[in-house]
Amino acid sequence: MSEKEKKINDEEKTIPRPEGYTIVKYAFGWVLFISMLFSLVISAVFIVAFNDYFSETDAWLVWIMLLVIYALFFVIGFKITVVKVNLKISDEGLEQTRLSGSRFYPEHRLIKWEDMKCFHPYGRFLHKC
């Protein structure tokens with residue numbers, strides 16, 4: 001095997017990095033809710049403002065307008081909230097460092113082991129640990 005082929009095969013292997021794991025996260029639930037709310041409000045304003053121009057046969061146009069506005073707000077909200085973070089397990093706790101993306105997430109955050117009361121594999125529940 002030549003040196004070039006060996007180098008290509010070595011690059012394809014997954015190597016665990018000691019600096020942690022890089023993940024991408026975004027606020028899907030909030031983006032979904034707020035984009036639905038904004039699209040309904042803006043569509044209602046358009047329907048009221050242009051009520052004279054819409055006939056009963058143009059109901060499909062109103063639904064298309066609602067879906068286009070919803071899709072626009074969803075894409076904008078997704079782009080605003082998407083963030084790439086690096087998670088690292090240390091002796092003190094779990095460290096989260098923002099690499100790029102939204103300014104809504106803190107740049108550096110440390111969750112100490114003492115502060116973790118229990119493990120929530122599928123997110124937070126209403127009961128306390």
Side-chain angles (χ1 to χ4, degrees):
M1 189 182 318
S2 69
E3 290 295 322
K4 185 177 181 181
E5 290 176 356
K6 186 176 179 182
K7 184 178 180 182
I8 290 172
N9 289 339
D10 288 342
E11 288 175 357
E12 293 175 357
K13 294 179 183 175
T14 304
I15 300 170
R17 301 185 312 171
E19 62 268 2
Y21 299 95
T22 303
I23 62 170
V24 176
K25 54 192 233 180
Y26 57 95
F28 178 75
W30 286 105
V31 170
L32 187 71
F33 175 72
I34 290 173
S35 60
M36 277 188 199
L37 185 68
F38 280 170
S39 65
L40 285 174
V41 168
I42 289 177
S43 295
V45 168
F46 275 132
I47 290 171
V48 169
F50 297 108
N51 194 17
D52 297 336
Y53 299 109
F54 289 128
S55 65
E56 293 176 3
T57 58
D58 293 335
W60 60 272
L61 186 63
V62 174
W63 285 106
I64 290 176
M65 180 179 64
L66 176 69
L67 290 175
V68 167
I69 292 172
Y70 169 71
L72 179 71
F73 277 115
F74 186 79
V75 169
I76 290 171
F78 178 78
K79 291 294 184 183
I80 289 173
T81 61
V82 71
V83 64
K84 186 186 287 189
V85 295
N86 184 11
L87 295 176
K88 179 180 169 186
I89 298 173
S90 66
D91 293 335
E92 298 173 8
L94 183 66
E95 295 181 29
Q96 172 183 321
T97 307
R98 183 182 70 217
L99 299 176
S100 65
S102 175
R103 301 288 181 217
F104 295 120
Y105 287 90
E107 189 163 333
H108 183 76
R109 185 173 138 187
L110 174 68
I111 304 170
K112 295 186 178 183
W113 295 120
E114 302 90 47
D115 297 337
M116 293 185 197
K117 295 182 181 176
C118 63
F119 176 67
H120 300 285
Y122 300 111
R124 293 262 179 206
F125 296 103
L126 295 177
H127 65 83
K128 294 183 180 180
C129 296

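Just so you know, these numbers come straight off a predicted model, no measurement behind them.
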For the residue pair [X] and [Y], establish whether any side-chain heavy-atom pair is separated by less than 4.5 Å.
{"X": "Leu94", "Y": "Ile89", "answer": "yes"}
{"X": "Leu99", "Y": "Val85", "answer": "no"}
{"X": "Val24", "Y": "Val83", "answer": "no"}

What residues, two or more places apart in sequence or in another chain, satisfy side-chain hydrogen bond (donor to acceptor under 3.5 Å, both in side chains) together with [X]?
{"X": "Ser90", "value": "Glu95"}
{"X": "Gln96", "value": "none"}
{"X": "Ser43", "value": "none"}

Heavy atoms of other groups near Phe38 CZ, more than 12 under 6.0 Å: no
Trp30 CH2: over 12 foreign heavy atoms closer than 6.0 Å: no
Stepwise side-chain contact (heavy atoms from CB on, under 4.5 Å) test for Lys88 and Tyr21: CA-CA 6 Å; Lys88 179 180 169 186; Tyr21 299 95; over 6 Å; no
Cluster check Leu32, Val68: I/L/V/M/F/W/Y, side chain < 4.5 angstrom: no
Compile the donor-acceptor pairs under 3.5 Å between side chains in residues 69-82 and protein atoms, sequence neighbours left out, one pair per line.
{"residue": "Thr81", "atom": "OG1", "partner": "Gly77", "partner atom": "O", "Å": "3.0"}

Closest non-hydrogen atom pair, Leu66 against Leu40: CD1-CD2, 3.8 Å
Over all atoms of both residues, closest heavy-atom pair of Ser35 and Val31: OG-O, 2.7 Å
Side-chain cluster (under 4.5 Å, hydrophobic types only) that Leu110 belongs to, other residues: none
Main-chain N/O of Thr97 paired with Asn86 side-chain donor or acceptor, under 3.5 Å: no
Separation between CZ of Arg109 and CG of Leu87, rounded to the nearest 0.5 Å: 9.5 Å
Qualifying residue for side-chain contact (heavy atoms from CB on, under 4.5 Å) with Arg98, from His108, Lys84, Glu107: Glu107
Residues which pass salt bridge (charged side-chain N to carboxylate O under 4.0 Å, His left out) with Glu114, listed by chain and number, not counting sequence neighbours: none
side-chain contact (heavy atoms from CB on, under 4.5 Å) partners of Leu37, counting only residues at least two apart: none
